[in-house]
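To start, the structure under review is shown below, and the notes come after it.
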Amino acid sequence: MTTKITKALLVGKDARGDAVLEAWNKSPRPKELYAFSEFNNPGFLKKVKDKYIQLGKTENGEAVVEYALSIKPDFVLISPEEPLFAGVVDKLESHGIPCVGPTKAFARLEWSKSFTRELLSKY
């Protein structure tokens, strides 16, 4: 039986993203790990091959989509909040790329405490 290789793309730049890559690496399933980051995070470099890291602003949805379309990941995980607030999930999903992370509308719950307080008070 052949196991499908899972291509996973992490959009991140922080310790949380490093922890996600660490967990993915511990999985016994075959995988190809990619990262889109604002800098060459040393932890990321240990967990993905150099050629699998694309540097750019994580909030730049067009750049993230361009990279994702070039590597065709099975899914994308967005680690920091900024790309979520910028609507990167929305842009990726509009191109048929599955994501782990909320859309811009749902990310607003985390992004805007006043919006969330008003919503909770209303309901």
Side-chain angles (χ1 to χ4, degrees):
M1 184 167 116
T2 305
T3 304
K4 182 179 185 270
I5 293 176
T6 301
K7 282 187 179 182
L9 170 60
L10 170 77
V11 176
K13 57 186 173 185
D14 54 11
R16 185 181 334 154
D18 189 38
V20 167
L21 288 171
E22 180 73 26
W24 283 347
N25 269 324
K26 288 181 180 178
S27 166
R29 302 179 102 189
K31 64 205 147 287
E32 289 180 41
L33 302 179
Y34 296 80
F36 187 99
S37 184
E38 295 189 15
F39 53 89
N40 280 321
N41 179 314
F44 288 19
L45 291 172
K46 290 178 186 176
K47 296 168 185 76
V48 301
K49 297 177 186 173
D50 289 345
K51 67 179 183 171
Y52 291 170
I53 295 179
Q54 175 69 36
L55 298 180
K57 289 292 209 180
T58 57
E59 304 90 38
N60 183 340
E62 290 79 21
V64 174
V65 166
E66 183 179 329
Y67 183 57
L69 289 172
S70 74
I71 63 172
K72 298 177 179 49
D74 295 313
F75 70 97
V76 178
L77 187 134
I78 313 285
S79 174
E81 290 82 10
E82 295 89 352
L84 298 172
F85 308 151
V88 172
V89 168
D90 305 71
K91 289 182 184 347
L92 287 162
E93 288 184 343
S94 74
H95 286 85
I97 302 167
C99 299
V100 177
T103 62
K104 184 176 182 174
F106 286 113
R108 188 173 179 199
L109 293 168
E110 176 66 25
W111 177 33
S112 174
K113 303 302 183 210
S114 62
F115 170 78
T116 301
R117 278 192 294 274
E118 289 173 18
L119 186 69
L120 292 173
S121 292
K122 182 177 177 180
Y123 295 101

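Since the structure is predicted, the reported quantities are computational estimates derived from the model, not experimental observations.
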For this session: Just say parallel, tilted or perpendicular for the rings of Tyr34 and Tyr67, cut-offs at 30° and 60°.
Result: perpendicular
For this session: Hey, could you give me the CG/CD distance between Leu120 and Glu118, rounded to the nearest 0.5 Å?
Result: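 Going from the CG atom of Leu120 to the CD atom of Glu118 covers 10.5 Å.
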Exercise. How long is the gap from OG1 on Thr103 to CZ on Arg108, to the nearest 0.5 Å?
Worked result: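 Those atoms lie 12.0 Å apart.
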Taking C-beta and beyond as the side chain, do [X] and [Y] meet within less than 4.5 Å on heavy atoms?
X     : Y     : value
Val64 : Leu92 : yes
Val76 : Phe36 : no
Ile97 : Leu69 : yes

For this session: Start with the C-alpha distance between Leu33 and Leu10, add both sets of side-chain angles, then the distance that settles side-chain contact (heavy atoms from CB on, under 4.5 Å), and finish with yes or no.
Result: CA-CA 8 Å; Leu33 302 179; Leu10 170 77; over 6 Å; no
What closest approach, in Å, do [X] and [Y] show between heavy atoms, and which atom pair accounts for it?
X     : Y      : result
Val89 : Cys99  : CG1-CB, 4.0 Å
Asp14 : Pro80  : OD2-CB, 3.9 Å
Asp90 : Lys104 : OD1-N, 2.8 Å
Phe44 : Gly17  : CE1-C, 3.7 Å
Lys47 : Asn25  : CB-ND2, 3.0 Å
Val48 : Ala35  : CG2-CB, 4.5 Å

Give a yes or no answer on whether the side chain of [X] reaches the backbone of [Y] with a donor-acceptor pair at less than 3.5 Å.
X      : Y      : result
Asp74  : Lys7   : yes
Glu81  : Trp111 : no
Thr116 : Leu109 : yes
Ser37  : Gly12  : yes
Lys91  : Gly87  : no

Exercise. Above 12 or not: heavy atoms from other molecules or residues under 6.0 Å from NZ of Lys113?
Worked result: yes
Exercise. Above 12 or not: heavy atoms from other molecules or residues under 6.0 Å from CZ of Phe106?
Worked result: no
For this session: Given side-chain contact (heavy atoms from CB on, under 4.5 Å), test Glu66 with Glu62 step by step and report yes or no.
Result: CA-CA 6 Å; Glu66 183 179 329; Glu62 290 79 21; over 6 Å; no
Problem set entry | Shared hydrophobic cluster for Leu77 and Leu45 (ILVMFWY, side-chain gaps under 4.5 Å) | yes
For this session: For Lys13 and Glu59, run salt bridge (Lys or Arg N to Asp or Glu O under 4.0 Å): C-alpha distance rounded to whole Å, both residues' side-chain angles, the deciding distance at 0.1 Å, then the answer.
Result: CA-CA 11 Å; Lys13 57 186 173 185; Glu59 304 90 38; 3.6 Å; yes
